[in-house]
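Naming: A, B, ... by sequence-line order, numbering from 1 per chain.
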Amino acid sequence: MDKAYSPAAIEARLYARWESLGAFKPSGTGPAYSIVIPPPNVTGTLHMGHAFQDTIMDALIRHRRMLGFDTLWQPGTDHAGIATQMVVERQLNAAGSSRRDLGREAFIERVWQWKEQSGGIISNQMRRLGASVDWSRERFTMDPQLSEAVTEVFVRLHREGLIYRGKRLVNWDPVLKTALSDLEVASEPEQGSLWHLRYPLADGPGHLVVATTRPETMLGDTAVAVHPDDERYRALIGRRVRLPLAGREIPIIADTYVDPEFGSGCVKITPAHDFNDYEVGQRHALPMINVMTLDARLTDEVPAPYRGLERETARARIVADLEAQGLVERIEPHQLMVPRGDRSHAILEPLLTDQWFVKIAPLAAPAVRAVEEGRIRFVPENWSGVYFEWMRNIKDWCISRQLWWGHRIPAWYDADGRVYVGRTESEARAAHGIGPEVVLRRDEDVLDTWFSSALWPFSTQGWPASTREMAVYYPTSVLVTGFDIIFFWVARMIMMGLKFTGEVPFREVYVHGLIRDHDGQKMSKSKGNVLDPLDIVDGIGLDALIAKRTSGLMQPQMRPAIERATRKQFPDGIAAFGTDALRMSFASLATMSRDLRFDMARVEGYRNFCNKLWNAARYVLLNAAEDGGDGVVEYGVADRWIRSRLAATLERVEAGFADYRLDLVATALYEFTWHHYCDWYVELTKAVLQSEDATAAQKQGARRTLVGVLETLLRALHPLAPFISEEIWQRARASAGVSGETIMLARYPRAADLDRDPEAERELEWVRQFVLGVRQIRGEMDIAPSRKIEVVLQNAGPQDLSYLDRNRRFLERLAGIETPRLVERGAPAPISAVALLGELEILVPMAGLIDPAAEEERLGKRRRKAEADLQKLRAKTANEEFVRNAPAEVVAKDRARILELGTELEQLDRQASRVRALLAQ
RNA sequence: GCGCGCUUAGCUCAGCGGUAGAGCAUCACCUUGACAUGGUGGGGGUCAGUGGUUCGAUCCCACUAGCGCGCACCA
């Protein structure tokens, strides 16, 4: 083995081997365990969030696979309607063309080309991460069979009256020229104005003042509303005002929607351009006048001077004209929430259009019950509250999009606009008895991308056919996802899954946090703080990193700031840390927090961990090579101890996996590997293996244990660190006496396979405390590590003597001491620095080694600590209520500790007085 | 406005009714035969604040403050 761990040399080779072995396919034995991947955009690239999520899923899948489950990790990609269409349109625009130039057919063809061209990128990136998905089952939301599922769902819902079409006020994106669902609206606070406008009374002198943030919609006003109890306006209710500029008369109505406190207490009502006004309009049967076109210009419904004006221009013109007529009372600054499209970022326009909707309440009710009844469990649990909150207030879902890329709605219209829904045109004709002489025109719209995503857990398994996959892998075991798409995706999958399969789509939802940068900022291209996961795996130079972060910026003026920040944070670029280090880092981030700060220092730490493991393995394999064969094997206390620690570690690992606490899994394995196995056990074996008086059987026991524990540890680590564990396992398996093609398919170790050994733990703890005590003296007294020191033991009890007898070899090696000399209790001993191990006093004679003043200080420090502890415990146990109410073992423990501390203080005082006597000379 | 998080060592985070932990950073010593991507030892915290419950609170409850997120918004 090479001296240093170098991930690049092993990773690609191992992944290719796993894939060619077919190790990612379900094994077909054991109970099923399945996860569907949240499908990334087919033309997208892997970002940190994907890498994090994939790491979690892969760890869960590898763990269950090794436990013998029939494991399926279902991969695939999403057509991502708006996002993908926008990318291709931008390409066309850059080339001086447009989608309209191309026409629908050619444009769609073009998108498919782009999908073929870039669709493999993210899959290959997933391979680099070691994702053990079954590639042979990769699916795409626009595959024929998945499209068939979409049509099937649409037709069935329509037949049941759960999909309907109608003219409704929807969120309209005038740039993309499509309707959006409520979820795709991101409102942001922006600085605007509140215009106070005078509307003259139609039937007499005087006027009303209405306050509005959108004067350009006034031409569509069909009423002015006041609160019914508002004394100021009570008398005016039922009268009329003359709408300025338009000249129409509109009524003054009363509606409790109006807040008398706000503005003037009079609200202009524009039912066709505001959601609240729409409802007021419904209540009062007001006419709706649409004054806005699909690209947000004024329609022919308005007076001639304003027709065709873009909304911003129209606003300026209308305000100017009103001002000219003295109808603007005042304009005040006003902060308002401006609705913008989450993709285009354009200001959305509430617009009356014909759209398709899913009637959601009948679907939501069972979906709420499924979570209430625990058939689906959210982890962490509090996300179910968010889910309930949304589901209780859910509104009908606008599913039609005026795009070209997506699943076209299976509806046809005749010349009179009558609509016929069917799986195909011929089915629609047959169902409605429409002969071939009638010309039908297919609906132009496509479905919201999330409509097909909602079917993903079962459409990927072959639905609507009843397949073996549906029977075995559905419902899936767990959905791993971020909280940002609970509404978009999770809720809709639950509704659709229950509706069409009668089953929940997944039994648990593990909602992980969001990966942020080191400063807690969301990673985004525009902030210039994105990291490419593969740059952490492969490394990247500073210049290349800056180039990556600053190319293709929407706001090029950000460039210098991004460059500066990047130079500061990564002065030397990013080192090649390897996939395993990245994955371990992600696992360690997988706490229950919702914000997860990504810190490169952590990756470096786990890279070092990999190196540590690698070198420990070198040591083990070097020694295992000297295996004495079939001789007698004797396992010593250290061997028993490390097995016992391993058992304890596996208990923590099991608990971590059960609770989706991969951070605890990572920590448990890290601690065991570094602090138990490497720091202590490996060092202890050196005392045996390099000893002349250790027996062959003892050496054999150490060798077997070294390699056996290593092999088990590798299997335990494999779900988090698949590559290094496989690489070492391949080299270690012969020495360990295990067989198998790959660690991937080896059995996952269980705590129950090993025994806890309390006796060995106690004894080795004594050894550790002994060594630590001596080391502390060495460290604080600056005694060279190479220098063997003399040690005198006083007050040794029978237990100490027997421990000492068995472990002398360890103490001499790890503490760097000569064979200890025993002194009777009370007998004279040399003036020494002292370490305490219960009653036992470990004395390091000072002569020529130790500065008495330093030792006095050290003793004083320890004394202060012991004294403080003692005071606290004395006060506690003096409290009668404590003694009466606390559990007996707690009281007993505290009392025992008081005795210990008393002894310790006596010992420290005795030592201190001797040292002081020495100093006084 | 309603709801939900978070606040623990310089930084990033675990923990949790019974003696405050890790990684990184820091200081000192060390090229010791797996590993300097390392070893050994040290320093560092009134667990945001106030009140309550309790024999006992970093932990449970209430309130306050700060930070963050989601939803809904008064035109």
Side-chain angles (χ1 to χ4, degrees), chain A residues 1 3-5 187 194-195 210-214 217 225 257-270 274-277 280 334 336-337 380 382-383 385-386 389-390 393 483-484 486-487 513-514 518 520 575 577 581 588-589 591-602 604-623 661 663-664 667 670-671 674-675 678-679 682-683 686 690 772 775-786 816 861 865 868-869 872-873 876 879-887 889-891 893-894 897 901:
Chain A
M1 284 173 82
K3 185 170 173 183
Y5 155 70
S187 290
L194 193 59
W195 284 270
V210 299
T212 180
T213 55
R214 303 210 52 203
T217 64
Y257 153 71
V258 179
D259 175 6
E261 303 297 317
F262 187 88
S264 61
C266 299
V267 187
K268 67 191 254 328
I269 300 298
T270 323
D274 181 280
F275 288 99
N276 288 311
D277 293 6
V280 174
H334 180 70
L336 70 163
M337 294 297 279
N382 60 297
W383 288 112
V386 176
E389 179 61 22
W390 188 65
N393 301 314
F483 54 81
D484 48 335
I486 288 180
F487 304 146
L514 222 63
H518 182 266
F577 293 114
S588 75
L589 276 174
T591 66
M592 288 295 164
S593 291
R594 61 169 75 167
D595 297 318
L596 311 171
R597 295 191 191 206
F598 188 84
D599 183 0
M600 206 61 76
R602 197 186 286 242
E604 190 176 348
Y606 278 108
R607 190 273 315 262
N608 294 351
F609 169 81
C610 289
N611 185 248
K612 188 79 179 171
L613 177 68
W614 182 264
N615 278 289
R618 286 178 63 218
Y619 167 82
V620 172
L621 296 180
L622 205 71
N623 283 287
R661 288 300 304 272
D663 60 320
L664 301 181
T667 303
Y670 181 100
E671 279 177 8
W674 203 308
H675 298 309
C678 291
D679 286 351
V682 163
E683 295 306 317
K686 288 175 184 173
Q690 294 167 19
L772 290 171
R775 277 180 183 169
Q776 190 187 43
I777 292 170
R778 299 188 75 115
E780 296 202 8
M781 300 303 156
D782 268 352
I783 300 169
S786 53
K861 198 167 69 189
K865 191 166 158 32
D869 286 356
K872 239 190 293 180
L873 286 172
K876 198 169 158 190
N879 183 344
E880 283 174 31
E881 301 224 67
F882 168 70
V883 177
R884 194 164 47 235
N885 292 312
E889 66 264 26
V890 171
V891 179
K893 207 175 126 199
D894 284 351
R897 181 71 187 139
L901 284 168

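- The shortest distance between the side-chain N/O atoms of A:His675 and the OP1/OP2 oxygens of B:A22 is not below 4.0 Å.
- Where A:Ala616 and A:His518 meet RNA chain B, the nucleotide closest to each residue was compared, and A:His518 sits on the side nearer the 5' end.
- Atom CH2 in A:Trp674 sits 5.5 Å away from atom CG in A:Asn608 (nearest 0.5 Å).
- Within 4.0 Å (heavy atoms only), A:Lys861 reaches sugar-phosphate atoms of the nucleic acid but no base atom.
- Residue contacts for A:Ile269: at a heavy-atom cut-off of 4.0 Å it reaches no nucleic acid atom on any strand shown.
- Here A:Arg775 reaches the OP1 or OP2 of B:G41: one of its side-chain N or O atoms lies under 4.0 Å away.
- As judged by a 4.0 angstrom heavy-atom cut-off over every strand, A:Asp679 is placed among residues touching the sugar-phosphate backbone only.
- To the nearest 0.5 Å, the span separating CD on A:Glu389 from CD1 on A:Ile486 amounts to 12.5 Å.
- Nucleotide B:U46 forms a pair with no other nucleotide shown, judged by Watson-Crick or G-U wobble geometry with both contacts under 3.5 Å.
- Taking side-chain N and O atoms only, A:Lys865 has no distance below 4.0 Å to OP1 or OP2 of B:U19.
- Nucleic acid contact for A:Tyr670: sugar-phosphate only, since backbone atoms but no base atoms lie under 4.0 Å from a heavy atom of the residue.
- A donor-acceptor contact under 3.5 Å is not formed by the side chain of A:Arg597 with the base of B:U12.
- Close to B:A34, at under 4.0 Å from its OP1 or OP2, lies no side-chain N or O of A:Asn615.
- If you check every strand for non-hydrogen atoms under 4.0 Å, A:Arg778 touches nothing.
- Residue contacts shown for A:Cys610 are absent, as no nucleic acid heavy atom lies under 4.0 Å away.
- Contacts of A:Val682 with the nucleic acid, taken as non-hydrogen atoms under 4.0 Å apart, include base atoms.
- With a 3.5 Å ceiling on both atom-pair distances, the Watson-Crick or G-U wobble partner of B:G66 is B:C6.
- Between the CD atom of A:Glu683 and the P atom of B:U40 there is a distance of 8 Å, given to the nearest Å.
- Residue A:Thr213 places its side chain closer to B:A75 than to any other of B:A75, B:A14, B:U19.
- Nucleotide B:G3 holds its P atom 18 Å from the CD1 atom of A:Ile486, rounded to whole Å.
- Contact annotation for A:Lys3: backbone-only contact, meaning every heavy-atom pair under 4.0 Å involves sugar-phosphate atoms and none involves a base.
- With RNA chain B read from its 5' end, the first of the two nearest nucleotides for A:Phe483 and A:Cys678 is the one closest to A:Cys678.
- Among the heavy atoms of the strands, none lies under 4.0 Å from A:Leu622.
- Listed nucleotides: B:A14, B:A28, B:A34. Nearest to the side chain of A:Arg618: B:A34.
- Pairing for B:C13 is with B:G21, a Watson-Crick or G-U wobble pair whose two hydrogen-bonding atom distances lie under 3.5 Å.
- Counting non-hydrogen atoms under 4.0 angstrom, A:Trp674 reaches the backbone sugars and phosphates but no base.
- Counting any heavy atom pair closer than 4.0 Å across all strands shown, A:Gln776 reaches sugar-phosphate atoms only and no base atom.
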